[in-house]
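Right, one structure below, let's go through it.
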Amino acid sequence: MEETRLEAERRAKVARLRSAGKEPYPWSFAGRVPSSAVRSAAAALGPGESDPKRAFRVAGRLKAFREHGKTAFADLEDADGSLQLLLRADLVGEEEYRAWLADLDPGDILGADGVAAVSRRGEPSLEVRSLTLLAKAVSPPPEKYHGLQDVEERIRSRYLDLMSSPETRQRFRARAALLGEIRRYFDAAGFTEVETPVLLPVASGAAAAPFVTRSHYLDEDVRLRIALELPLKRLLVGGLEKVYELGRSFRNEDLDSTHSPEFTELEAYWAYADYHDMRRFTEGLFERLAARAVDLLPESPAARQGAEAFRTPFPTVDFVDELEKRMGVRDLLAKGRDELRELAREAGSTVPDRSSTGTFLDKLFEHYVEPTFDRVTFVVDHPAVTTPLAKRHRSKPGRVERFEVFYPGYELGNAYTELNDADEQEQRFREQLGERGDDVYAYDADFVRALRYGLPPCTGIGLGVDRLVMALTGTASIKDVILFPLVRSR
RNA sequence: GGGCCCGUAGCUCAGGCCGGUAGAGCAGGCGGCUCUUAACCGCAAGGUCAGGGGUUCGAAUCCCCUCGGGCCCGCCA
């Protein structure tokens, strides 16, 4: 990019510093403490006081300057927050003082040595004895008050968004803490965290277009995973019994407020348990995450409101019963494809005529039932035609043992009592292939082979972690919980 | 894929309907100020109005195309 006038001015300062024998990019700054240490020490002082015995070294980014002739204030921000620096010509010498003001700019990374103090107006401060430039910022930071507003720029230049928005930093710290909480919950329940391949010969376990790339070593195309399901179930065949993976999946599709081409999934599989067990386990997880989210973001009304939707117990609705109730029809599952297609058309769906009955039922559910959710809700016992990897329901004909968990506006997760009959699995895969007539739902022959060796009765769940973080932090767009969402290159 | 909206100084935004020398604040430069915290006061500077084409005596403004982005709808379980 072309150098701007402001950058040229800052580069001139770099040159000036170097010619004065000062290194604008020194190697280290040993012994610095977090800014909170100075604030704590200053808490014991009254307005206008300083304590020469409490010396500190801090470092951070210079956010703002307020000059008053022979006194100046500066705000230095580190990971702990913002600290005011108090600069006085009479304490450091006028020549030194003038040189600092001339060479420093907002955005510079700065080290400061000084003593704890409180300004006359009561602001905890570091009364500076010495300043050290640690890294000159050649480009100016975003505007100090409004920060970076342009949505595109906040995503493309996330470092500038983070630099200028404490809320953004807070949100991503909360995300990390929530992921930690998820891990602790599964670990405490005896699950083993595993890592399965991202690169696979066949992308299966969900219906989605994969990203395809090339292995030079194998001289074969490989695909990025679209789900974690099938490798994890193989681990249960191998005897691991309780496993989970927290990792990235990739679907070659659009990015919108609830979809990202690369997204973080949590999948867990649990032998000798069924979907009722998983539902209770999930409710326990969500309850704990919601409590944690409120602790993490005490200042955020949006987070509090988000967490409010996670009040337990979560209501549970039967997919078919609820849909029939909302539509005012009976015996929905007895209806043929043509009739379901017409009903879906009436509901405004434009899915292709060749779509499966399961697709039409899903569309009807999306239209008549999903908008009625005003809090986290379980939907259970879906029609078998919608689901190729779930075990048929033990007592409801034409259904599978499945639940989905919804937050108002989007799906958070999907769980089954897993299908473990190898022959039935093979047949369902083949039906799915025939019905769709495309390669979207890839047939994983080795997975069927693994099932033949015996998969214990089990339950499994997949959770959309980005969406979970959105819900718990009260964030409206998935782009605001992913640090670097995919954007067109420019 | 369809509809609506946005793109003006490094950043935050006016101006656009109704065409007539492109404005402010922050940041930066120069000067002033020993308690400010979006500090303040004065002076000067800073522009490919996303890009291209058209209409016009004259286009940031009206029209068309392209690029990038946002929102809604559709599709993608």
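In this text the structure is predicted, and so the values were computed from the model without any measurement. Numbers restart at 1 for each chain; the letters A, B, ... are given by sequence-line order, proteins then strands.
- Here B:C72 is the nucleotide among B:U37, B:A77, B:C72 with the atom lying nearest to any side-chain atom of A:Ser257.
- Heavy-atom nearest nucleotides on RNA chain B were determined for A:Ser125 and for A:Leu101, and the one closer to the 5' end corresponds to A:Leu101.
- Counting only residues at least two apart or on different chains, the side-chain hydrogen bond (donor to acceptor under 3.5 Å, both in side chains) pairs with a member in residues 104-120 of chain A are A:Lys13-A:Asp105, A:Arg57-A:Asp113, A:Asp105-A:Lys136, A:Asp108-A:Lys136.
- With sequence neighbours excluded, the residues forming a side-chain hydrogen bond (donor to acceptor under 3.5 Å, both in side chains) with A:Glu322 are A:Arg326, listed by chain and number.
- Heavy-atom distances to RNA chain B give each of A:Ala64 and A:Arg98 a nearest nucleotide, and the one nearer the 5′ end belongs to A:Arg98.
- Put simply, A:Arg66 has no side-chain N or O that comes within less than 4.0 Å of OP1 or OP2 on B:U37.
- Annotation for A:Ala59 and A:Leu76: closest pair C-CD2, 3.9 Å, computed over non-hydrogen atoms.
- Within the structure, salt bridge (charged side-chain N to carboxylate O under 4.0 Å, His left out) pairs that include any residue of residues 44-55 of chain A comprise A:Asp51-A:Lys53 (at least two apart or interchain).
- Atom CZ of A:Arg129 is surrounded by more than 12 heavy atoms from other residues, nucleotides or ligands within 6.0 Å.
- A:Pro408 pairs by the side-chain contact (heavy atoms from CB on, under 4.5 Å) definition with nothing, not counting sequence neighbours.
- Among residues at least two apart or in separate chains, there is no ring-ring contact (aromatic ring centres under 6.0 Å, His included) pair with a member in residues 116-162 of chain A.
- Evaluation of the ring-ring contact (aromatic ring centres under 6.0 Å, His included) rule for A:His68 yields A:Phe73 as partners, not counting sequence neighbours.
- Searching all strands for a Watson-Crick or G-U wobble partner of B:G1 with both distances below 3.5 Å returns B:C73.
- Across B:U21 and B:G68, the matching C1' atoms stand 31 Å from one another, rounded to whole Å.
- A:Asn252 comes within 4.0 angstrom of nothing in the nucleic acid, heavy atoms only.
- Backbone-only engagement by A:Thr350 is indicated by non-hydrogen atom pairs under 4.0 Å involving sugar-phosphate atoms exclusively.
- Using P as the reference atom, B:A44 and B:G23 are 14 Å apart when rounded to the nearest Å.
- The stretch residues 401-413 of chain A participates, sequence neighbours left out, in these salt bridge (charged side-chain N to carboxylate O under 4.0 Å, His left out) pairs: A:Arg394-A:Glu401, A:Arg402-A:Glu404.
- Distance noted for atom P between B:G20 and B:C62: 11 Å (whole Å).
- You'll find that the side chain of A:Arg88 is closest to B:U34, out of B:A38, B:U34, B:A27.
- At the heavy-atom level, A:Ser349 lies under 4.0 Å from the strands shown only through sugar-phosphate atoms.
- The same atom, C1', is picked in B:C26 and in B:G46; the two are 13 Å apart, to the nearest Å.
- Across all strands, A:Gly147 comes closer than 4.0 Å only to sugar-phosphate atoms, never to a base (heavy-atom distances).
- Taking atom P in both B:G2 and B:A38, the straight-line distance is 48 Å, to the nearest Å.
- The residue A:Lys13 sits close only to the backbone: its heavy atoms come under 4.0 Å of sugar-phosphate atoms, none of a base.
- Between A:Lys391 and A:Asp421, no side-chain nitrogen of the basic residue sits less than 4.0 Å from a carboxylate oxygen of the acidic one, so the salt-bridge criterion is not met.
- Pair assignment for B:C43 gives B:G29, based on Watson-Crick or G-U wobble hydrogen-bonding distances that are each under 3.5 Å.
- Of the candidates B:C35, B:G10, B:G69, the closest approach to any side-chain atom of A:Leu6 belongs to B:G10.
- Atom C1' of B:G54 sits at a distance of 23 Å from the matching atom of B:G15, rounded to the whole Å.
- Side-chain N/O atoms of A:Lys479 include none lying less than 4.0 angstrom from OP1 or OP2 on B:G69.
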Protein-nucleotides 2-9 of chain B N/O pairs under 3.5 Å:
none

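- Heavy-atom distances under 4.0 Å link RNA chain B to A:Glu67, A:His68, A:Gly69, A:Lys70, A:Thr71, A:Phe73 of residues 67-76 of chain A, given in residue order.
- The side-chain hydrogen bond (donor to acceptor under 3.5 Å, both in side chains) check on A:Lys396 picks up A:Asp318, A:Asp381, with sequence neighbours excluded.
- The backbone N or O of A:Thr387 sits less than 3.5 Å from a side-chain atom of A:Arg428, completing a donor-acceptor pair.
- Residues that satisfy the ring-ring contact (aromatic ring centres under 6.0 Å, His included) test with A:Phe403, not counting sequence neighbours, are A:Phe378.
- Of the residues in residues 148-168 of chain A, those placing a heavy atom less than 4.0 Å from an atom of RNA chain B are A:Leu148, A:Gln149, A:Asp150, A:Val151, A:Glu152, A:Arg156, in numerical order.
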